[in-house]
Asker: 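Got a structure for you, questions after.
Numbering of ligands and ligand atoms starts at 1, following listing order.
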Amino acid sequence: MSDAAPFIGKLAIIGGGLIGSSVARAARDNGAATEISIADTSADNLSKARELNLADSYHSTALDAVGGADLIILAVPVGAMPTVAADIASGLKAGAIISDVGSVKSSVLKSLTPLVPAGVHLIPGHPVAGTEQSGPEAGFASLFDGRWCILTPPEGSDPAALDTLSAFWTKLGSKVDIMTADHHDLVLAITSHVPHLIAYNIVGTANDLETVTRSEVIKYSAGGFRDFTRIAASDPTMWRDVFLNNKDAVLEMLGRFSEDLTALQRAIRWGDGDALFDLFSHTRDIRKRIIDAGQDGDAPDFGRPHDS
Ligand code: NAP
């Protein structure tokens, strides 16, 4: 536990799942708030959060959780954000900061802006950190350590509120970057959203194949397929909402992806080994740069144990 003074008085987290519970844990461990409240519509998740002692108070309605809060973090699926924002509007105190952790930013900014009362600062955010698991038990305090948190303040945002939110995420262990919501959505479309779509697609295709039995797909999964299944096990509600809310950027990146895939198809058909070798050398270098940037470890096969 850090001895430093907290940045935030009361922190209200709406949605105590993987990300919300990790924010609660990290805020507690790092002394980033004096008081934490959690709201969740799932009675089961709320009682798990209570058992895990993640907060000081637990609420079945978001409105109950936000009373007196200095910082409100919406950690629900992107599609649920407007409903939550409308529900809490009357309970927000003047000067409070309302933010979120949603994986898409433009639609959140657009839908929340008219719902946030005057005198309350809306600054959407996205911690680029997570796992394929869901729920309060899946969270952990170190999730944000050394990972980027992207804040997307609308034009004219209060600089002091932005500083406070940046300081909060820094205290949780994140590195903070600031960009427009549109730019965020374009970047994340290629680094996160399209890769998830590809994983969902390849696992779905393998499952549908009739020439390879399903048991063989499972049995020989170590050959690359297994890594796609981890991503394709991600939360269906969350990812449905990502694709519905980042439609334009995803379709733009998917178009580029399809063109490049066609070029690869051609290289294979015409036996163009140089084209394949050049691309594979370049992609290997990108993996090295991710490791050098501290965004992943260099253990072979992601550090999975192997019997000798
Ligand atoms: P999660 O583990 O499923 O947690 C979401 C929680 O919110 C669940 O307990 C859910 O209850 C609850 N909830 C749903 N609607 C609600 C409402 N209207 N009011 C209050 N609680 C509600 O999901 P997550 O992975 O933490 O994702 C939360 C947000 O973080 C999403 O916007 C996602 O885009 C973003 N994000 C996720 C990741 C990741 O890797 N998972 C990374 C960065 C950002 P039910 O289970 O009953 O629906």
Asker: In plain terms, say whether R50 and D40 are close enough for a salt bridge, that is, a side-chain N and a carboxylate O under 4.0 Å apart.
Answerer: no

Asker: How far is atom 11 (O) of ligand 1 from its nearest protein heavy atom, and which residue and atom is that?
Answerer: D40 OD1, 3.2 Å

Asker: Would you say the side-chain atoms of K10 pair up with the backbone N or O of G67, donor to acceptor, closer than 3.5 Å?
Answerer: yes

Asker: Do side-chain atoms of D177 reach the backbone of I150 as a donor and acceptor pair under 3.5 angstrom?
Answerer: no

Asker: Looking at ligand 1, would A62 count as a contact under a 4.0 Å heavy-atom criterion?
Answerer: no

Asker: For atom 18 (N) of ligand 1, is the nearest protein heavy atom under 4.0 Å away?
Answerer: yes

Asker: May I ask you to list the atoms of ligand 1 that are less than 4.0 angstrom from any heavy atom of S134?
Answerer: 2 (O), 3 (O)

Asker: I'd like to know if T83 contacts ligand 1, where contact means a heavy-atom distance under 4.0 Å to any ligand atom.
Answerer: no

Asker: May I ask you to decide if Q133's main-chain N or O and T131's side chain share a donor-acceptor pair within less than 3.5 Å?
Answerer: yes

Asker: When you measure from atom 23 (O) of ligand 1 to the protein, is at least one non-hydrogen atom found at a distance under 4.0 Å?
Answerer: no

Asker: Short list, please: which atoms of ligand 1 are under 4.0 Å from a heavy atom of G135?
Answerer: 2 (O)

Asker: Quick one: which of G125, G16, A49, G17 has a heavy atom closest to atom 1 (P) of ligand 1?
Answerer: G17

Asker: Would you check if D301 and R226 make a side-chain contact, meaning some heavy-atom pair closer than 4.5 Å?
Answerer: yes

Asker: If the threshold is 4.0 Å, N to carboxylate O, is there a salt bridge linking D44 and K48?
Answerer: yes

Asker: Side chain or backbone, does I14 bring an N or O within less than 3.5 Å of an N or O on ligand 1?
Answerer: no

Asker: What atoms of ligand 1 come closer than 4.0 angstrom to any heavy atom of V78?
Answerer: 32 (O)

Asker: Under a 4.0 angstrom heavy-atom cut-off, which atoms of ligand 1 come close to P77?
Answerer: 14 (C), 31 (C), 32 (O)

Asker: Which atoms of ligand 1 sit under 4.0 Å from any heavy atom of V84?
Answerer: 17 (C), 18 (N), 19 (N)

Asker: Below the 3.5 angstrom mark, is there an N/O of A80, backbone or side chain, next to an N/O of ligand 1?
Answerer: no

Asker: Could you tell me if any non-hydrogen atom of A129 lies under 4.0 Å from any atom of ligand 1?
Answerer: yes

Asker: Can you name the atoms of ligand 1, numbered from 1 with element, that are less than 4.0 Å from a heavy atom of H126?
Answerer: 43 (C), 44 (C)

Asker: Before accepting this row, confirm whether a basic side-chain N of the pair D260/R256 lies closer than 4.0 Å to the acidic partner's carboxylate O.
Answerer: no

Asker: Give a yes or no answer on whether the side chain of K105 reaches the backbone of G125 with a donor-acceptor pair at less than 3.5 Å.
Answerer: yes

Asker: Counting both backbone and side chain atoms, is some N or O of Q133 under 3.5 Å from an N or O of ligand 1?
Answerer: no

Asker: Judged on heavy-atom distance to atom 36 (N) of ligand 1, which of G139, S103, P127 sits nearest?
Answerer: S103

Asker: Between D296 and R289, is there a salt bridge with N-O shorter than 4.0 Å?
Answerer: no

Asker: Are any of the side-chain heavy atoms of L52 and S21 separated by less than 4.5 Å?
Answerer: no

Asker: Is R28 salt-bridged to D56, going by a charged N under 4.0 Å from an acidic O?
Answerer: yes

Asker: So between D100, L74, V23, V76, whose heavy atom ends up nearest atom 32 (O) of ligand 1?
Answerer: V76

Asker: Which atoms of ligand 1 are found less than 4.0 Å from any heavy atom of M81?
Answerer: 32 (O)

Asker: We want to know whether T61 and D64 form a side-chain donor-acceptor pair, criterion being a heavy-atom distance below 3.5 angstrom.
Answerer: yes

